[in-house]
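Encoded as structure tokens, the structure appears first; notes follow it.
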Amino acid sequence: MAKAKKEDSKISINQMDKLLPTKTKDDNKIPLWLKDSEGKDTLEIIVTPILSVDDTVSFVESVAEALFVKDTYLPSVRNLVYNKALLAYYTNLRFDMTDDKINELVYQTTVCDQISETIMKHAGEQMCDVHVAIDEAIEFKKQQILSEQRQLLMATNMRIDEEQNDILKSSNALIEAFNSIITKFNDINFEQLVKDVNTVANTPDKERVDNILSFQQKLEEAKATVTE
């Protein structure tokens with residue numbers, strides 16, 4: 001009798017830690033002396049080259065979202081927005097600078113370049129992935145806005161079509177009403193109508209009253225007959 005095949009033993013995912021380099025929390029904190037325009041070490045900061053998963057997602061979203069104002073893409077401020085997020089997420093710098101000050105820091109100093117070089121040196125692959133993720137997030141946002149605009153346009157066109165149909169129905173009903181009135185007028189003998197009007201107009205007042213009273217008496221007699 002053949003023996004049952006022995007199942008492969010499972011390995012705990014925690015054992016994969018053995019393959020990772022041994023690091024402490026401080027290993028992800030790189031001191032960096034920022035140099036001034038003359039190349040002198042001026043200010044020491046701490047750079048965190050590898051972001052956590054949550055911080056990476058937050059970093060990408062903050063950059064991508066900030067490039068859209070009222071569904072309008074603003075590529076002209078991409079460098080400012082990116083470096084603003086770079087300083088906030090990758091360094092220990094307190095973030096209390098205005099956009100104008102950050103703009104000066106980006107374009108008139110090498111601070112952001114020094115920080116980026118440090119990140120690329122210690123976590124270049126992740127940083128490349130972050131740049132790709134930002135581009136994809138921006139493209140996704142563009143497509144999302146286009147989709148919403150298409151849906152809005154379709155809804156607007158449908159509403160216009162419905163309003164036009166209502167107007168057309170009202171117009172057709174009005175035309176039918178006019179046609180009905182015109183048909184009734186065509187059935188009237190205007191020559192006889194004029195004669196009747198003239199006859200009534202030329203009838204003496206006493207005779208006109210007598211005719212009315214006579215008609216009223218005949219009407220009462222007709223009612224009495226129906227009642228009996």
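Keep in mind it's a predicted model, so treat the numbers as computed, not measured.
- Atom CG of L34 sits about 11.5 Å away from atom CG of D113, to the nearest 0.5 Å.
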Checklist entry - Could you go step by step and tell me if L80 and Y107 meet the side-chain contact (heavy atoms from CB on, under 4.5 Å) rule? => result CA-CA 9 Å; L80 170 65; Y107 291 107; 5.6 Å; no
Tabulate below the donor-acceptor pairs under 3.5 Å that side-chain atoms of residues 141-163 make, not counting sequence neighbours, or state none.
{"from": "Q143", "atom 1": "NE2", "to": "E139", "atom 2": "OE2", "distance (Å)": "2.9"}
{"from": "T156", "atom 1": "OG1", "to": "L152", "atom 2": "O", "distance (Å)": "2.8"}
{"from": "N157", "atom 1": "ND2", "to": "L153", "atom 2": "O", "distance (Å)": "3.3"}

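- I50 places none of its side-chain heavy atoms less than 4.5 Å from the side chain of H122.
- Note: N79 CG to C112 SG = 8.0 Å, rounded to the nearest 0.5 Å.
- Scanning for salt bridge (charged side-chain N to carboxylate O under 4.0 Å, His left out) contacts around D99 gives K84, with sequence neighbours left out.
- In this structure the side chain of Q126 reaches within 4.5 angstrom of the side chain of T56, judged on heavy atoms.
- Using a cutoff of 4.0 Å between basic side-chain nitrogens and carboxylate oxygens, R78 and D135 are scored as salt-bridged.
- The minimum heavy-atom distance linking K35 with T110 is given by the pair O-OG1, 4.4 Å.
- In this structure the side chain of T118 never reaches within 4.5 angstrom of the side chain of P49, judged on heavy atoms.
- From I45, atom CD1 reaches atom CD1 of I115 across 4.0 Å, with rounding to the nearest 0.5 Å.
- Within the model, atoms OG1 of T91 and CD of Q114 stand 12.5 Å from one another, a figure rounded to the nearest 0.5 Å.
- There is a path of hydrophobic side-chain contacts, each under 4.5 Å, that joins V77 to I138.
- With contacts defined as side-chain heavy-atom distances shorter than 4.5 Å, the pair C128/M120 qualifies.
- By the ring pair (Phe, Tyr, Trp, His ring centres under 6.0 Å) test, Y89 pairs with F59, sequence neighbours left out.
- Environment of OH in Y73: crowded, with over 12 heavy atoms of neighbouring residues, nucleotides or ligands closer than 6.0 Å.
- To the nearest 0.5 Å, atom CG of residue D54 and atom OG of residue S58 are 8.5 Å apart.
- Annotation: the span from N83 atom CG to L105 atom CG amounts to 8.0 Å, rounded to 0.5 Å.
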Item to check | Test side-chain contact (heavy atoms from CB on, under 4.5 Å) applied to L67 and L74, step by step | outcome: CA-CA 5 Å; L67 291 175; L74 303 175; 5.5 Å; no
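- With a 4.5 Å cut-off on side-chain heavy atoms, L43 and W33 do not count as touching.
- Screening V81, D129, V60 against I134 for a side chain to side chain contact (heavy atoms under 4.5 Å, CB included) leaves a single residue, V60.
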